[in-house]
There are 2 protein chains.
Amino acid sequence: MARRTPTIPEATVARLPIYRRALVELDESSAINVSSERLAEMSGVNAAKVRKDLSYLGSYGTRGVGYDVDYLLFQVSRALGLNNDWPVAIVGSGNLGQALANYRGFTQRGFPVAALIDVDDKKVGATVHGIEVHHVDRLEDLVAELGIAIGIIATPAGAAQAVADRLVEAGIQSVLNFAPVVISVPDGVPLRQVDLATELQILSFYQQRNAASDR
Amino acid sequence: MARRTPTIPEATVARLPIYRRALVELDESSAINVSSERLAEMSGVNAAKVRKDLSYLGSYGTRGVGYDVDYLLFQVSRALGLNNDWPVAIVGSGNLGQALANYRGFTQRGFPVAALIDVDDKKVGATVHGIEVHHVDRLEDLVAELGIAIGIIATPAGAAQAVADRLVEAGIQSVLNFAPVVISVPDGVPLRQVDLATELQILSFYQQRNAASDR
DNA sequence: AGGAGGTTGTGTACAAGTTCACAAAGGTGG
DNA sequence: CCACCTTTGTGAACTTGTACACAACCTCCT
């Protein structure tokens with residue numbers, strides 16, 4: 001039974017990491033407290049939204065003063081489940097996979113890259129930025145042995161669904177898909193899809209519209 | 001003056017690239033037409049939503065039959081402004097910048113990487129996957145000379161805002177930011193922010209909640 | 001002790017997005 | 001040419017998300 005968490009809206013969950021980033025920055029600059037106004041400015045949103053979002057986590061501010069940076073950072077981190085590390089495995093050691101493996105932001109924020117996995121025998125056994133590349137045949141073993149929580153799919157589109165199926169079967173907890181195809185996983189397995197080219201196409205739409213209205 | 005485009009909702013715009021991807025796949029498998037149901041399945045959404053989304057572009061379906069794949073693909077591409085190529089410049093040739101430079105999905109979908117830009121003299125002059133690395137001092141010249149439409153920021157967080165300012169000043173049309181910081185650009189300049197670690201944190205939230213309710 | 005100034009937390013109105021459900025319309029076969 | 005089947009396009013109900021505005025409350029100063 002869920003004790004707290006009286007259902008936090010999806011839109012709010014998606015913003016929590018942004019607030020967290022701002023809080024880390026404030027913490028590093030030795031700020032003691034912060035107002036919703038300032039936090040809103042740093043996060044690029046409206047101050048009322050910040051207050052409403054944070055109120056879903058609990059009542060952690062002080063009227064007339066603001067929020068204690070340290071304490072709020074702790075609470076946001078806890079809400080996001082970042083108390084302990086979540087080891088990730090990256091499937092697909094092409095360019096994107098290797099870049100992701102080397103991205104310090106992951107380890108820094110509690111997502112150590114525990115394994116790189118590929119089908120290509122020529123890549124297996126190599127070490128990319130200190131992470132060994134394993135053969136996809138060992139996927140299930142690796143998930144179990146290394147306690148992998150999250151699978152990151154960085155394969156070509158054609159292989160993505162099969163990889164997702166194997167990850168889920170192996171007991172992975174959630175999936176982040178970079179392959180440019182929609183994949184499906186069972187209900188209850190959190191899934192996020194990121195397509196870099198999609199973002200450019202969205203920009204293309206708006207800039208084209210700007211050009212049209214200037215004409 | 002805008003002739004068509006009776007304002008397409010943001011949520012719809014964000015889905016058009018997904019539909020387009022599905023249509024490309026259908027086209028490659030020589031499908032002639034497709035129902036909203038099938039398209040919905042391939043895109044991971046509800047069929048009614050597909051129909052409503054497509055109806056914002058115009059009335060391109062045939063009742064009782066579905067949509068002509070070729071024609072719909074053309075219309076969606078046109079709505080997204082993908083009739084002509086939009087050259088992009090990637091600022092920051094670290095791991096992410098290099099991976100993006102080598103990502104075939106960009107060029108394939110009409111976003112050729114025309115330049116890589118860095119501050120580090122040691123990197124300038126090198127060629128990464130056939131793309132020359134230029135010094136950031138030449139940013140303004142490059143935007144003008146190469147007709148750069150979109151600037152991709154793949155720098156450390158600290159440099160992102162300054163780079164964005166220079167890109168906008170140089171006349172860029174839109175900005176895609178991968179640096180883990182919120183940046184701001186003038187109204188009218190489309191901006192999208194992608195933070196890879198944010199996605200993992202969102203997953204962390206939901207998988208933690210699952211674990212809590214299983215307890 | 002009391003008032004002034006400031007900031008949170010939230011009820012409420014509003015806007016955006018989603019889903020349902022069905023009339024309208026094209027195609028097909030007798 | 002008409003009945004039947006299929007699938008679109010869309011009005012309308014509903015759900016989710018955003019913004020406003022202000023009471024509640026804290027701190028500090030006199």
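Residue numbers begin at 1 in each chain, while the letters A, B, ... track the order of the sequences.
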Phosphate-side-chain proximity, A:N46 and D:dC20, N/O vs OP1/OP2 below 4.0 Å: yes
A:D68 CG to D:dT27 P, straight-line distance once rounded to whole Å: 12 Å
CD/A:E145: more than 12 non-hydrogen atoms of other groups inside 6.0 Å: yes
Length of the line joining A:K49:NZ and D:dC20:P, which is rounded to integer Å: 11 Å
Interface with DNA chain D, restricted to residues 9-29 of chain B and to heavy atoms under 4.0 Å: none
Nucleotide D:dT8, atom C1' - distance to CZ of B:R63 in whole Å: 5 Å
Side chain B:N177, main chain B:L191, donor-acceptor under 3.5 Å: no
Lys/Arg-Asp/Glu bridge criterion (N-O < 4.0 Å) met for B:R38, B:E41: yes
Whole angstrom value for the distance that separates C1' of D:dT18 from CZ of A:R51: 13 Å
Whole-Å gap separating C1' (D:dA19) and NZ (A:K52): 9 Å
Neighbour count above 12 (heavy atom, 6.0 Å) for A:Q75 CD: yes
Span of DNA chain C in contact with chain B (heavy atoms, under 4.0 Å): C:dG17 to C:dG27
Chi angles and distances behind the side chain to side chain contact (heavy atoms under 4.5 Å, CB included) call for B:Y103, B:V113: CA-CA 9 Å; B:Y103 182 45; B:V113 180; over 6 Å; no
Whether A:F74 and A:Y71 hold their rings parallel, tilted or perpendicular, with breakpoints at 30° and 60°: parallel
B:D53 CG - D:dT10 P separation (whole Å): 13 Å
Heavy-atom check, side chain of B:P112 versus side chain of B:D85, under 4.5 Å: yes
Gap between atoms CD and P, on B:E37 and D:dT8 respectively (whole Å): 8 Å
Side-chain heavy-atom pair B:Y67, B:L23 within 4.5 angstrom cut-off: no
Donor-acceptor contact below 3.5 Å, side chain A:S77 vs main chain A:L73: yes
Atom-pair distance (CG on B:N33; C1' on D:dT6), nearest Å: 12 Å
